[in-house]
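Please read the structure below before turning to the comments.
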Amino acid sequence: MTLTKKPETHPAAASWGLATGKQVPWEYASAPEATDHVTIRPEYGLFIGNEFTASKPKRTFEVINPATEEVLARVARASTADVDRAVKVARGAYSQTWSKLPGSERAKYLYRIARIIQERSREFAVVETLNSGKPIKESRDVDVPLAAAHFFYYAGWADKLDYAFPNRTPRSLGVAAQIIPWNFPLMMLAWKIAPALAAGNTVILKPASTTPLTAYLFADVVRQAELPPGVVNIITGPGEIGMELVRHSDVDKVAFTGSTVVGKMIGRAVAGSHKKLTLELGGKAANIVFDDAPLDQAIEGIINGIYFNQGEVCCAGSRLFVQESVYEPLLDKLKARLSTLRVGDPLDKNTDVGAINSAGQLAKVQELVQSGIDEGAEIFQPECQLPDRGFFFVPTLFTGVSQSHRIAQEEIFGPVLSVLTFRTPDEAIEKANNTPYGLSAGVWTEKGSRIFKMVAAMRAGVVWANTFNRFDPTSPFGGYKESGYGREGGLHGLAAYLRLDA
Ligand code: NDP
């Protein structure tokens with residue numbers, strides 16, 4: 001990308017390092033994760049009824065490694081007939097097997113899946129990193145453990161639905177159509193499949209076209225766990241195949257995570273039908289730092305909030321609001337910390353920021369960054385050598401951002417932070433809520449009373465206090481406004497897959 005203005009860099013970028021008084025750049029020996037324990041097949045069929053089957057007519061598309069642009073595998077492109085086949089198989093499994101099993105039996109399968117994910121965690125982490133571009137330390141320490149934790153958590157509820165919803169008669173819905181994005185492929189799969197199965201439904205999952213490989217690895221787990229055929233089905237294909245799944249008349253529940261644009265289309269497609277719907281869409285989270293906050297701790301939270309997973313996170317803290325009295329010291333610390341982030345090979349255990357998931361997403365990030373420059377914001381990027389191939393972007397921050405700038409309004413979904421200021425708590429609340437989104441937010445302050453005031457006033461589904469991007473299967477997650485509706489995680493996430501008759 002050619003920026004029309006050269007970014008400012010921080011002196012720390014050149015001199016960060018040893019206390020020798022000399023200018024010594026950080027030098028890390030590379031520490032690549034081994035890949036010899038992983039087998040990626042050259043081709044994957046659709047996973048229907050516990051079998052990998054070719055699409056009819058047989059068509060495939062390429063899946064690439066965004067860090068190298070090399071082809072990893074080819075996967076089946078489902079047709080309308082395949083969607084119908086998957087729904088029929090899921091319906092058969094629902095009515096003949098899964099809905100008839102006692103909750104304690106469903107729980108055994110879910111526990112088994114959770115344990116197999118743990119046992120095969122290195123394999124999952126490597127495949128996730130190869131396919132998505134995220135750093136191995138994140139897939140290893142966040143994505144895979146959280147996926148297993150979701151299965152463990154919902155396994156625990158499968159035989160306790162009556163206790164979970166007292167004075168109700170919880171009943172499964174039937175067949176669930178689940179469409180997931182590319183930023184947390186395995187974790188989103190777990191968020192969708194675990195509660196659906198615990199509640200007694202069968203599922204058809206459509207992963208994003210760029211990141212289907214951990215879903216197909218999960219298909220292996222389904223077989224290993226000896227789940228009855230047809231309970232979990234996985235089909236791949238473009239967005240229009242996702243829409244055919246959503247529109248299928250024999251689907252009872254639709255769960256979607258992805259862009260607000262597609263979420264609205266799905267909302268319209270489902271309106272007026274019997275289908276239950278959960279939408280988890282985009283975000284533009286405010287991360288608010290008051291002058292009494294522990295600044296060093298806040299810096300780590302800001303960095304984690306926006307540069308974790310290359311900023312490709314729906315709840316990323318992409319708008320930083322700093323109280324004016326601490327703006328300068330905070331910005332200085334932030335630039336210094338940003339300059340220490342290591343960008344590069346996602347398989348290297350030292351890497352902090354990996355590859356953007358696709359060329360298309362990289363182009364979107366570049367376009368929005370250019371708009372920030374054109375609209376007059378000040379760009380800062382640390383000095384950093386990007387790999388020659390792959391879709392990489394330098395972690396970036398903008399100062400001098402105003403509320404009307406596109407970079408303060410639109411979801412960038414990349415490692416780009418907009419820094420704004422405020423003077424009073426009321427001003428912070430007003431600015432934070434000035435967005436069509438309402439997924440998440442963060443508050444940094446020493447005062448508990450101020451945390452409660454802010455949490456109550458902010459229109460965000462999740463508000464973190466003195467931390468950011470913390471996830472737990474017991475805690476519901478979801479949005480207000482254009483960030484969608486319905487909750488995933490916790491009991492709320494279970495209720496989304498049940499009819500709760502009085
Ligand atoms: P999409 O919303 O297009 O993709 C998410 C999922 O929906 C994918 O499985 C996709 O399939 C599928 N899909 C696409 N079109 C349709 C459709 N018409 N009907 C049903 N399913 C469909 O997101 P993008 O990948 O295009 O990303 C664009 C922007 O969306 C990002 O820049 C980011 O701002 C936002 N986003 C937000 C996410 C979140 O977690 N909230 C996640 C991903 C993106 P396929 O991959 O085959 O197109």
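Just follow the structure's listing: the first ligand is 1, and inside any ligand the first atom is 1.
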Original post:
Minimum heavy-atom separation for Thr396 to Tyr307, with atom names?
Top reply: O-OH, 2.9 Å
Subject >> Donor on one side chain, acceptor on other, Asn287 and Trp464, under 3.5 Å >> reply: no
Original post:
So, Ser139 and Thr129: side-chain donor and acceptor under 3.5 Å apart, yes or no?
Top reply: yes
Original post:
In terms of side-chain geometry, is the basic nitrogen of Asp82 or Lys56 positioned less than 4.0 Å from the acidic oxygen of its partner?
Top reply: no
Original post:
Which one of Ser358, Gly239, Gly479 has a non-hydrogen atom at the shortest distance from atom 22 (C) of ligand 1?
Top reply: Gly239
**OP:** Return the set of residues passing ring-ring contact (aromatic ring centres under 6.0 Å, His included) with Tyr154 (not counting sequence neighbours), or none when no residue passes.
**Re:** none
**OP:** Sort out for me which residue in Ile117, Leu217, Thr39, Val144 forms a side-chain contact (heavy atoms from CB on, under 4.5 Å) with Glu123.
**Re:** Leu217
Original post:
Taking only heavy atoms of Lys364, which atoms of ligand 1 are found under 4.0 Å from at least one of them?
Top reply: 29 (C), 31 (C), 32 (O), 33 (C), 34 (O)
Original post:
Nearest protein heavy-atom contact for atom 12 (C) of ligand 1: which residue, which atom, what distance?
Top reply: Ile179 CG2, 3.7 Å
Original post:
For ligand 1, which atoms sit closer than 4.0 Å to a heavy atom of Pro207?
Top reply: 9 (O)
**OP:** Check each atom of ligand 1 against the heavy atoms of Pro238 and keep those under 4.0 Å away; list them by number with element.
**Re:** 47 (O)
Original post:
Between Ile180 and ligand 1, is there a nitrogen or oxygen pair with a distance under 3.5 Å?
Top reply: yes
Original post:
What pairs with Tyr109 under ring-ring contact (aromatic ring centres under 6.0 Å, His included), at least two apart in sequence or on another chain?
Top reply: Trp98
Original post:
Under 4.0 Å from any heavy atom of Lys206, which atoms of ligand 1 are there?
Top reply: 9 (O), 11 (O), 45 (P), 47 (O)
Original post:
Nearest non-hydrogen atom to atom 5 (C) of ligand 1 belongs to which of Leu439, Val262, Thr257, Ile266?
Top reply: Thr257
Original post:
For Leu281, is at least one N or O under 3.5 Å away from an N or O on ligand 1?
Top reply: yes
Original post:
Does Glu138 pair with Lys134 as a salt bridge, N-O distance under 4.0 Å?
Top reply: no
Original post:
Using a heavy-atom cut-off of under 4.0 Å, does the side chain or the backbone of Thr260 touch ligand 1, or both, or neither?
Top reply: neither
Subject >> Protein contact of atom 39 (C) of ligand 1 - nearest heavy atom, named by residue and atom, plus distance >> reply: Cys314 CB, 3.5 Å
Original post:
What atoms of ligand 1 come within less than 4.0 Å of a heavy atom belonging to Trp182?
Top reply: 24 (P), 25 (O), 27 (O)
Original post:
Can Glu482 and Thr260 be counted as having a side-chain donor-acceptor contact under 3.5 angstrom?
Top reply: no
Original post:
Quick one: do the Thr278 and Tyr497 side chains pair a donor with an acceptor below 3.5 Å?
Top reply: no
Subject >> Ligand-side contact atoms (ligand 1) for residue partner Gly237, heavy atom cut-off under 4.0 Å >> reply: 47 (O)
**OP:** For atom 1 (P) of ligand 1, state which one of Ser259, Gly258, Pro181 supplies the nearest heavy atom.
**Re:** Ser259
**OP:** Please determine if Thr210 has a nitrogen or oxygen closer than 3.5 Å to a nitrogen or oxygen of ligand 1.
**Re:** no
Original post:
In ligand 1, which numbered atoms sit nearer than 4.0 Å to a non-hydrogen atom of Gln361?
Top reply: 31 (C), 32 (O)
Original post:
Which atoms of ligand 1 are found less than 4.0 Å from any heavy atom of Phe256?
Top reply: 2 (O), 6 (C), 7 (O)
Original post:
When you check the side-chain N and O atoms of Thr257 and Lys192, is any donor under 3.5 Å from an acceptor?
Top reply: yes
